[in-house]
**Student:** 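Right, I'll just put the structure down here and ask away after.
Keep in mind that the numbers below use all heavy atoms, side chains included, and drop hydrogens, waters and symmetry copies. Along the sequence shown, residues are numbered consecutively beginning with 1.
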Amino acid sequence: MAPPRTCALCQTARPIVRRPKTGQQVCKECFFHVFETEVHNTIMSAKLFKPGDRVAIGASGGKDSTVLAHVMKVLNDRYDYGLEMYLLSIDEGITGYRDDSLESVKRNQQEYGLPLKILSYDELYGWTMDAIVEQIGRKNNCTFCGVFRRQALDRGAAALNVDHIVTGHNADDIAETVLMNIMRGDIARLGRCTLICTQGEDSIKRSKPFKYAYEKEIVMYAYFKKLDYFSTECIYSPDAYRGHARVFLKDLEAARPSAIIDIIHSGEAFQIGEAVELKAQQTCKRCGYMSSNDLCKACTLLESLEKGMAKLATGDRNRRRLDEEPAPENMRTIPMFHRATPAEPAAAP
């Protein structure tokens, strides 16, 4: 009779986890240690933080952001990063989904003792995702949500006067984005979608500490740590274009587990040719947020909603028709973007 297997790392405890990333069979404690150490190594090799940084953790209540908040607190304490951390949540206004997930965020706030700020689409744009979907239907609604969410995160971070936003985007998410940009021929985004850290001239620094962490391992970490997170998928996302890339990626991963990291490395190796001209970044003339056009994408989408022409807003060819439509009285617009300076106190969360 063969002796029972032991953990590939400590050689003593019985393994209970087979790592999707490496195929190693490890015990629970070794899995925790190696997962946290790999995230720490990613942070250190990319030099993401410096002592004294004020960092907002994008917290949705889902598995990725919940594990991120937990791991960031563990690593900040263990390695003495010297970070001042906050939780920042965006309430898109999706009944039965975001309102429930925010309850998980509030419980995590109590457990970790981190300040929490919640900024809603309704507060910022005057629209909830429920109202947007009611006008445009389920096709292309993720375009509105993605654009609005990105700017809302920057505005929430500016209100907190933080230096840095970290998000729970994992290796699967980044590989999916590489595939999407290839399929759409989006050269500009393909050139930057694998960057672990990004920052525009008028935007706050953003980074992805989970860039090389597999989604399956994040799920296992949350399960074995018994973390409190919300696991239901967004009710409006099943029709999203990203879903097709996700299905394709899962098929590739089943045939070759390293496919996720391989695709990320391929994306990192892409270089934009000198002959390709990218639009220069400027400032939106209406709200002051960064933009490659006179109006940022969020202002354009909001204008289309206010004019009842949201179905025309997702294509540049319809811009003229949108401009020709007269604006309604008291048309809602996005407040001017103002990034707080280090000398200014942060707004109360």
**Student:** Any salt bridge linking K250 with D172? Criterion: basic side-chain nitrogen under 4.0 Å from a carboxylate oxygen.
**Tutor:** yes
**Student:** Tell me whether H33 at atom NE2 has more than 12 heavy atoms from other residues, nucleotides or ligands lying less than 6.0 Å away.
**Tutor:** no
**Student:** Got a donor-acceptor contact below 3.5 angstrom from the R54 side chain to the N161 backbone?
**Tutor:** yes
**Student:** Taking atom CE as the centre, does M331 end up with more than 12 heavy-atom neighbours from other residues, nucleotides or ligands that are less than 6.0 angstrom away?
**Tutor:** yes
**Student:** Is any side-chain heavy atom of E38 closer than 4.5 Å to one of K21?
**Tutor:** yes
**Student:** Can you confirm whether L124 sits close enough to F148 that some side-chain heavy atom of one is under 4.5 Å from a side-chain heavy atom of the other?
**Tutor:** no
**Student:** Just wondering, do I57 and M72 contact through their side chains at under 4.5 Å, heavy atoms?
**Tutor:** yes
**Student:** When you measure from the side chain of S89 to the backbone of A59, do you find a donor-acceptor pair of N or O atoms at a distance under 3.5 Å?
**Tutor:** yes
**Student:** So, the side chain of N108 versus the backbone of S104: is there a donor-acceptor pair under 3.5 Å, distance only?
**Tutor:** yes
**Student:** Decide side chain to side chain contact (heavy atoms under 4.5 Å, CB included) for H70 and V74; before the verdict, give the C-alpha distance in whole Å, the side-chain angles of both, and the deciding distance to 0.1 Å.
**Tutor:** CA-CA 6 Å; H70 178 87; V74 167; 3.7 Å; yes
**Student:** Side chains of I16 and F224: closer than 4.5 Å at any heavy-atom pair?
**Tutor:** yes
**Student:** Under a 4.5 Å cut-off applied to non-hydrogen side-chain atoms, are T12 and T6 in contact?
**Tutor:** no
**Student:** So among F35, Y214, Y229, which one has a ring-ring contact (aromatic ring centres under 6.0 Å, His included) with Y221?
**Tutor:** F35
**Student:** Does atom OH (Y223) have a neighbourhood of more than 12 heavy atoms from anything else shown, all under 6.0 Å?
**Tutor:** no
**Student:** Distance check, rounded to the nearest 0.5 Å: C234 atom SG versus Y97 atom OH?
**Tutor:** 5.0 Å
**Student:** Aromatic rings Y81 and H40: how do their planes relate, parallel, tilted or perpendicular, breaks at 30° and 60°?
**Tutor:** parallel
**Student:** Taking the six-membered ring for Trp, are the ring centroids of H169 and F210 within less than 6.0 Å of each other?
**Tutor:** no
**Student:** Apply side chain to side chain contact (heavy atoms under 4.5 Å, CB included) to R242 and C142, showing your working.
**Tutor:** CA-CA 9 Å; R242 178 176 288 273; C142 287; over 6 Å; no
**Student:** For the residue pair V39 and L75, establish whether any side-chain heavy-atom pair is separated by less than 4.5 Å.
**Tutor:** yes
**Student:** Between E303 and K307 (salt bridge meaning N to carboxylate O under 4.0 Å), is one present in this structure?
**Tutor:** yes
**Student:** Checking the side chain of T66 only, and the main-chain atoms of K63 only, is there a donor and an acceptor separated by less than 3.5 Å?
**Tutor:** no
**Student:** Between K117 and Y86, is NZ or CZ placed under 6.0 angstrom from the six-membered ring centre and within 45° of the ring axis?
**Tutor:** no
**Student:** Apply the test side chain to side chain contact (heavy atoms under 4.5 Å, CB included) to residues R138 and N141: give CA-CA distance (whole Å), side-chain angles for both, the deciding distance (0.1 Å), then the verdict.
**Tutor:** CA-CA 6 Å; R138 298 203 173 204; N141 67 80; 3.8 Å; yes
**Student:** Identify the two heavy atoms, one from C284 and one from C299, that lie closest to each other, and give their separation to 0.1 Å.
**Tutor:** SG-SG, 3.8 Å
**Student:** Between K297 (side chain) and S292 (backbone), is there a donor-acceptor pair under 3.5 Å?
**Tutor:** no
**Student:** Assess the residue pair R246 and E215 against the criterion (salt bridge (charged side-chain N to carboxylate O under 4.0 Å, His left out)); give the C-alpha distance rounded to whole Å, side-chain angles, the decisive distance to 0.1 Å, and a yes or no.
**Tutor:** CA-CA 12 Å; R246 180 174 295 125; E215 181 179 43; 5.6 Å; no
**Student:** Scan side-chain atoms only and decide if S258 and D262 contain a donor-acceptor pair under the 3.5 Å cut-off.
**Tutor:** yes
**Student:** Please determine whether a side-chain nitrogen of the Lys or Arg among K285 and D294 lies less than 4.0 Å from a carboxylate oxygen of the Asp or Glu.
**Tutor:** yes
**Student:** Show the nearest heavy-atom pair for residues S304 and Q135, with the distance to one decimal.
**Tutor:** O-OE1, 4.0 Å
**Student:** What are the two closest heavy atoms between A222 and V67, and how far apart are they?
**Tutor:** CB-CG2, 3.7 Å
**Student:** Return yes if some donor-acceptor pair links the side-chain N/O of K211 with the main-chain N/O of I174 below 3.5 Å, else return no.
**Tutor:** no
**Student:** Which residues satisfy the salt bridge (Lys or Arg N to Asp or Glu O under 4.0 Å) test with E36, sequence neighbours excluded?
**Tutor:** R78
**Student:** Is it true that, when you exclude E233 itself, more than 12 heavy atoms of the residues, nucleotides or ligands shown sit nearer than 6.0 Å to its CD?
**Tutor:** yes
**Student:** If we ignore hydrogens and angles and just use 3.5 Å, is the side chain of S65 paired with the main-chain N or O of S60 as donor and acceptor?
**Tutor:** yes
**Student:** Determine yes or no for a side-chain-to-main-chain donor-acceptor pair under 3.5 angstrom, with N181 supplying the side chain and T177 the backbone.
**Tutor:** yes
**Student:** So how far is it from D163 CG to E84 CD, rounded to the nearest 0.5 Å?
**Tutor:** 9.0 Å
**Student:** Is it true that a side-chain atom of D154 and a backbone atom of Q151 form a donor plus acceptor pair closer than 3.5 Å?
**Tutor:** no
**Student:** What heavy-atom pair brings C287 and C296 nearest, and what distance separates the two atoms?
**Tutor:** SG-SG, 3.7 Å
**Student:** Do W127 and Y121 make a side-chain contact, defined as non-hydrogen atoms from C-beta onward lying under 4.5 Å apart?
**Tutor:** no
**Student:** Taking atom CZ of R18 as the centre, report whether more than 12 heavy atoms of other residues, nucleotides or ligands fall under 6.0 Å from it.
**Tutor:** no
**Student:** Can you tell whether the side chains of D91 and R98 come within less than 4.0 Å, N to carboxylate O?
**Tutor:** no
**Student:** Nearest heavy-atom pair of E217 and F31: which atoms, and what distance?
**Tutor:** O-CZ, 3.4 Å
**Student:** Using 4.0 Å as the upper bound for N to carboxylate O, is an ion pair formed by E306 and R332?
**Tutor:** yes
**Student:** Looking at E123 and R155, is any side-chain nitrogen of the basic one under 4.0 Å from a carboxylate oxygen of the acidic one?
**Tutor:** no
**Student:** Calculate, to the nearest 0.5 Å, the distance between atoms CZ and OG belonging to F49 and S207 respectively.
**Tutor:** 4.5 Å
**Student:** Is it the case that one hydrophobic cluster holds both L195 and L153, taking links as side-chain heavy atoms less than 4.5 Å apart, direct or via other members?
**Tutor:** no
**Student:** More than 12 foreign heavy atoms under 6.0 Å from NZ of K73: is that the case here?
**Tutor:** no
**Student:** Is it the case that atom NZ in K216 sees more than 12 heavy atoms from other parts of the structure closer than 6.0 Å?
**Tutor:** no
**Student:** Could you go through the side chain to side chain contact (heavy atoms under 4.5 Å, CB included) check for V162 and V55 one step at a time?
**Tutor:** CA-CA 6 Å; V162 300; V55 178; over 6 Å; no
**Student:** Minimum heavy-atom separation for T42 to P209, with atom names?
**Tutor:** CG2-O, 3.8 Å
**Student:** Is the side chain of D251 donor-acceptor paired with the backbone N or O of F248 at a distance under 3.5 Å, no angle test?
**Tutor:** no
